[in-house]
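Shown next, in structure tokens, is the structure this report addresses.
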Amino acid sequence: MRIFKFDKIDSTNHYLKQMENKLDYDCVISKIQTAGVGRRGNTWVSNEGMALFSFAINEKLISQENFLKLPLIMGCSLLHTLKKLDDLDFKFKWTNDIYLNEKKLSGILIEKVGDWFIIGIGININNKDFGYASDVAISLSTVTTKYYDIDNLIYSIINDFKNSLAINSWEYTLKEINKYNFLYNKTVKVMKGDTCIGLGTCKNIAYDGTLEIECNNKIHYFNIGEIHIIK
């Protein structure tokens with residue numbers, strides 16, 4: 001594992017994707033990203049005071065059946081690392097976000113390049129400025145009034161994920177993400193682009209990692225789509 005640190009970079013994911021001769025758990029950290037993105041190309045506000053980092057793992061470290069479950073495994077591991085830091089009411093939003101007090105605290109972006117998975121994470125830690133996302137975002141420091149050592153937190157997140165991957169217990173992961181399921185019993189619509197492909201009440205995350213949504217007393221399963229909470 002090697003650490004590459006920057007004051008400013010376009011995207012930690014992009015830097016790792018372009019890097020040759022990667023090693024497992026090589027990590028890129030930056031204080032600021034100028035072109036940070038989330039899933040489906042959504043812009044991610046990347047201000048100083050956030051934990052902004054990406055790390056690489058070779059596909060050999062992950063069983064074939066867990067490829068599609070990787071965001072959930074990462075999310076569950078991140079949830080527990082944060083709870084060790086502060087035992088707050090963190091929740092996991094399928095498939096790649098951590099919420100606190102009904103607002104977004106962290107996002108996860110996983111990209112595949114050749115034999116490598118690039119796991120990018122942004123967490124609102126010490127920052128107070130959320131830009132256009134001020135109505136929907138929150139940071140740890142705004143809740144606890146503490147100041148956090150971001151580098152140490154990043155190292156803990158990667159180490160905890162490494163341990164989670166070694167244990168490789170999907171049953172445990174599934175139980176935990178459903179225990180902290182942010183969407184449970186919320187009414188949502190599932191959007192694919194501009195098209196609504198599902199509308200109903202969220203239930204559990206299923207064994208295969210899909211999201212259960214109940215509509216007219218029938219359970220439907222979704223593995224893609226943007227979730228919009230109605231109530």
Side-chain angles (χ1 to χ4, degrees), residues 11 13-14 17 35-46 54 59 62-79 89-113 117-124 130-138 170-231:
S11 162
N13 261 39
H14 182 260
K17 285 159 62 176
V37 296
R39 293 180 70 217
R40 303 178 188 89
N42 294 330
T43 300
W44 174 261
V45 177
S46 304
S54 301
E59 64 180 8
I62 306 170
S63 63
Q64 184 71 34
E65 65 179 13
N66 282 335
F67 277 2
L68 296 178
K69 300 171 184 173
L70 185 55
L72 308 183
I73 296 169
M74 181 68 249
C76 182
S77 177
L78 175 57
L79 183 79
D89 190 27
F90 299 106
K91 298 290 186 181
F92 177 81
K93 181 187 175 190
W94 183 91
T95 57
N96 66 326
D97 294 327
I98 302 294
Y99 271 60
L100 175 62
N101 297 348
E102 298 292 317
K103 292 188 174 183
K104 185 171 178 176
L105 179 76
S106 174
I108 301 166
L109 173 66
I110 299 181
E111 299 180 280
K112 184 83 184 304
V113 181
F117 286 100
I118 309 299
I119 302 176
I121 299 176
I123 313 172
N124 294 318
F130 308 109
Y132 69 85
S134 58
D135 291 338
V136 295
I138 197 170
W170 173 242
E171 286 76 11
Y172 172 79
T173 297
L174 187 64
K175 178 182 176 181
E176 288 299 290
I177 56 177
N178 276 313
K179 179 179 176 181
Y180 298 104
N181 185 356
F182 177 74
L183 294 173
Y184 188 77
N185 269 349
K186 286 183 167 64
T187 302
V188 304
K189 60 180 178 179
V190 186
M191 302 297 296
K192 185 178 180 181
D194 295 327
T195 303
C196 179
I197 60 174
L199 177 66
T201 303
C202 277
K203 295 302 178 182
N204 287 321
I205 297 166
Y207 189 83
D208 61 357
T210 57
L211 182 66
E212 298 177 349
I213 296 182
E214 182 179 1
C215 180
N216 297 325
N217 297 317
K218 183 178 180 180
I219 297 294
H220 301 264
Y221 299 88
F222 294 86
N223 62 2
I224 59 171
E226 187 82 24
I227 303 295
H228 295 266
I229 297 171
I230 298 174
K231 63 178 180 177

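Below, each value reflects all heavy atoms present in this structure, side chains not excepted, and no hydrogens, waters or symmetry copies. Residue indices begin at 1 and follow the sequence shown.
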Looking at [X] and [Y], what are the two nearest heavy atoms and their distance?
| X | Y | result |
| --- | --- | --- |
| D89 | K91 | OD1-CE, 3.4 Å |
| W170 | A206 | CZ2-O, 4.4 Å |
| K93 | I227 | NZ-O, 3.7 Å |

[atom1] of [X] to [atom2] of [Y]: how many Å apart, nearest 0.5 Å?
| X | Y | atom1 | atom2 | answer |
| --- | --- | --- | --- | --- |
| I73 | I62 | CD1 | CD1 | 7.0 Å |
| L100 | E102 | CG | CD | 9.5 Å |
| E212 | I219 | CD | CD1 | 5.5 Å |
| C76 | K179 | SG | NZ | 10.0 Å |
| M74 | L79 | CE | CG | 10.5 Å |
| I177 | F182 | CD1 | CZ | 15.5 Å |

**Asked** Can you tell me if K203 and N185 form a side-chain donor-acceptor pair at under 3.5 Å?
**Response** yes
**Message:** If we count only N and O atoms by modelled type, under 3.5 Å, do the side chains of S11 and N13 hold a donor and an acceptor together?
**Reply:**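 No, N13 and S11 have no side-chain donor paired with an acceptor closer than 3.5 Å.
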Check whether any side-chain heavy atom of [X] sits under 4.5 Å from a side-chain heavy atom of [Y], and report yes or no.
| X | Y | answer |
| --- | --- | --- |
| H220 | K218 | yes |
| H228 | I230 | no |
| L68 | N223 | no |
| I138 | N124 | no |
| Y180 | I98 | no |

**Asked** What residue among L211, I213, L199 forms side chain to side chain contact (heavy atoms under 4.5 Å, CB included) with V188?
**Response**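 Single side chain to side chain contact (heavy atoms under 4.5 Å, CB included) partner of V188 among L211, I213, L199: I213.
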Determine whether a donor-acceptor pair (N or O, by modelled atom type, separation under 3.5 Å) exists between the side chain of [X] and the backbone of [Y].
| X | Y | value |
| --- | --- | --- |
| N181 | N204 | no |
| N101 | K103 | no |
| S106 | G122 | yes |
| W94 | L72 | no |

**Request:** With side-chain contact (heavy atoms from CB on, under 4.5 Å) as the test, would you mind laying out the steps for L109 and N96 before giving the verdict?
**Result:** CA-CA 7 Å; L109 173 66; N96 66 326; 5.8 Å; no
**Message:** Using a 6.0 Å distance limit plus a 45 degree cone around the ring axis, check whether K112 lies over the aromatic ring of F117.
**Reply:**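 Yes, a cation-pi geometry holds between K112 and F117.
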**Asked** Is the NZ or CZ atom of K69 positioned over Y207's six-membered ring, under 6.0 angstrom from the centre and within 45° of the axis?
**Response**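 Because its charged atom sits under 6.0 Å from the ring centre and within 45° of the axis, K69 does stack over Y207.
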**Message:** Heavy-atom count check: over 12 atoms from other residues, nucleotides or ligands less than 6.0 Å from K186 NZ?
**Reply:** yes
**Prompt:** Counting only heavy atoms not in I197, do more than 12 fall under 6.0 Å of its CD1?
**Reply:**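 Correct, the count exceeds 12.
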